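Here's the structure we're looking at; comments come further down.
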There are 2 protein chains.
Amino acid sequence: MVVEKLSETELDRLFQAFADSTRRDIVRRVTVGEYSVSGLAALYAMSFAAVQKHVAVLERASLVTKEKRGRGQIVRGNHEGLQKARRLLDEYEHIWRQRAVRIAGILAED
Amino acid sequence: MVVEKLSETELDRLFQAFADSTRRDIVRRVTVGEYSVSGLAALYAMSFAAVQKHVAVLERASLVTKEKRGRGQIVRGNHEGLQKARRLLDEYEHIWRQRAVRIAGILAED
DNA sequence: ATAACGTGCAACCAAATGGTTGTAGAAAAG
DNA sequence: CTTTTCTACAACCATTTGGTTGCACGTTAT
């Protein structure tokens with residue numbers, strides 16, 4: 001199995017992208033259905049430009065993709081980015097579990 | 001099973017905490033062993049105060065805890081915070097999978 | 001008692017973030 | 001062709017972030 005290495009700045013961008021509730025909501029929505037940028041903008045109490053910026057942050061973090069369709073641009077979720085974030089947290093969990101096992105082993109030595 | 005609800009600001013703090021490579025490294029280290037704040041500070045090419053701030057960010061996000069011991073203060077990993085972050089990403093994955101199943105279902109209707 | 005160590009905190013600074021408004025271009029509708 | 005719609009982008013502003021230095025205070029060591 002090829003364990004694709006994640007660069008640190010890539011991870012910075014990924015977690016930074018998740019660190020805003022509006023962006024988390026956008027990810028949720030575009031995972032379920034398709035939305036144009038203006039379609040998303042209509043959902044939130046902020047300017048179009050603000051939502052546009054949030055989408056740009058998500059795009060830079062590889063969590064969504066944009067695709068031109070007619071006069072608009074549709075936003076889709078990108079499963080790969082999500083998996084990368086999950087993979088890192090899984091790694092931490094693994095480290096944690098190893099540590100728990102080691103401690104149990106030490107305690108058993110008495 | 002009680003599915004403890006995570007507040008949005010709690011999630012903001014959690015992901016924000018992960019969005020810095022120094023902080024991710026600190027989490028990794030304190031999960032494996034025990035470190036004082038100054039012990040951590042010695043590891044990075046930045047001032048003690050900077051590391052102290054990173055630890056404070058992690059503490060606010062419930063990813064680490066601090067405990068006074070003698071003249072120093074030891075930093076430990078907090079499994080609960082890590083699990084919360086993982087749980088959210090799992091939720092997204094679940095939504096994604098449901099969607100994949102639904103699309104497969106639609107295609108099968110032909 | 002004095003010196004050294006570990007920590008917390010405040011003040012400061014540059015850069016990034018999250019928002020705004022305004023302008024401009026490309027595609028669709030009239 | 002003109003108007004409307006959707007998008008992109010620049011300029012601007014306030015706040016937060018990530019770093020610094022300096023000072024104060026409690027704890028350990030000499």
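Residue numbers begin at 1 in each chain, while the letters A, B, ... track the order of the sequences. Note that these values count all heavy atoms, side chains included, but never hydrogens, waters or copies made by symmetry. This is a predicted model, so every value here is computed, not measured.
Rounded to whole Å, atom C1' of C/dG18 lies 19 Å from atom CZ of A/Phe18. Rounded to whole angstrom, the span from the CZ atom of A/Arg60 across to the P atom of C/dG18 amounts to 11 Å. Nucleotide D/dT17 holds its P atom 10 Å from the CG atom of B/Asp12, rounded to whole Å. D/dT15 atom C1' lies 14 Å from atom CG of A/Asp20, rounded to whole Å. Atom CE in B/Met46 sits about 5 Å away from atom P in D/dG19, given to the nearest Å. C/dG18 atom P lies 15 Å from atom CZ of B/Phe15, rounded to whole Å. Distance A/Tyr44 OH to C/dG18 P: 15 Å, rounded to the nearest Å. Rounded to whole Å, the distance from NZ on A/Lys68 to C1' on C/dG25 is 12 Å.
When the side-chain nitrogen and oxygen atoms of A/Ser47 are compared with OP1 and OP2 of C/dG19, none of them lie within a distance under 4.0 Å. Not one side-chain nitrogen or oxygen of B/His54 sits closer than 4.0 Å to the OP1 or OP2 atom of D/dT17. In terms of phosphate contacts, B/Arg69 brings no side-chain nitrogen or oxygen within less than 4.0 Å of OP1 or OP2 of D/dT27.
Residues B/Val57 and B/Val30 do not share a hydrophobic cluster, defined by chaining ILVMFWY side chains whose heavy atoms lie under 4.5 Å apart.
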For nucleotides 2-11 of chain D, 5' to 3', base contacts (B), sugar-phosphate-only contacts (S) and non-contacts (-) with protein non-hydrogen atoms under 4.0 Å give ---BSBBB--

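Through side-chain heavy atoms spaced under 4.5 Å, either directly or across other Ile, Leu, Val, Met, Phe, Trp or Tyr residues, A/Ile95 is tied to B/Val32.
Taking the six-membered ring where the residue is Trp, A/Phe18 and B/Tyr92 present perpendicular rings, their angle passing 60° and hence far from 30°.
Note on residues 34-47 of chain B: pairs passing salt bridge (charged side-chain N to carboxylate O under 4.0 Å, His left out), not counting sequence neighbours, are B/Glu34-B/Arg69, B/Glu34-B/Arg76.
Put simply, the side chain of B/Phe15 reaches to within 4.5 Å of the side chain of B/Leu89, judged on heavy atoms. Under the 4.5 Å side-chain criterion, counting only non-hydrogen atoms from C-beta, B/Ile26 is in contact with B/Leu40.
The 12-atom threshold is exceeded at CZ of B/Arg102, counting heavy atoms of other residues, nucleotides or ligands nearer than 6.0 Å.
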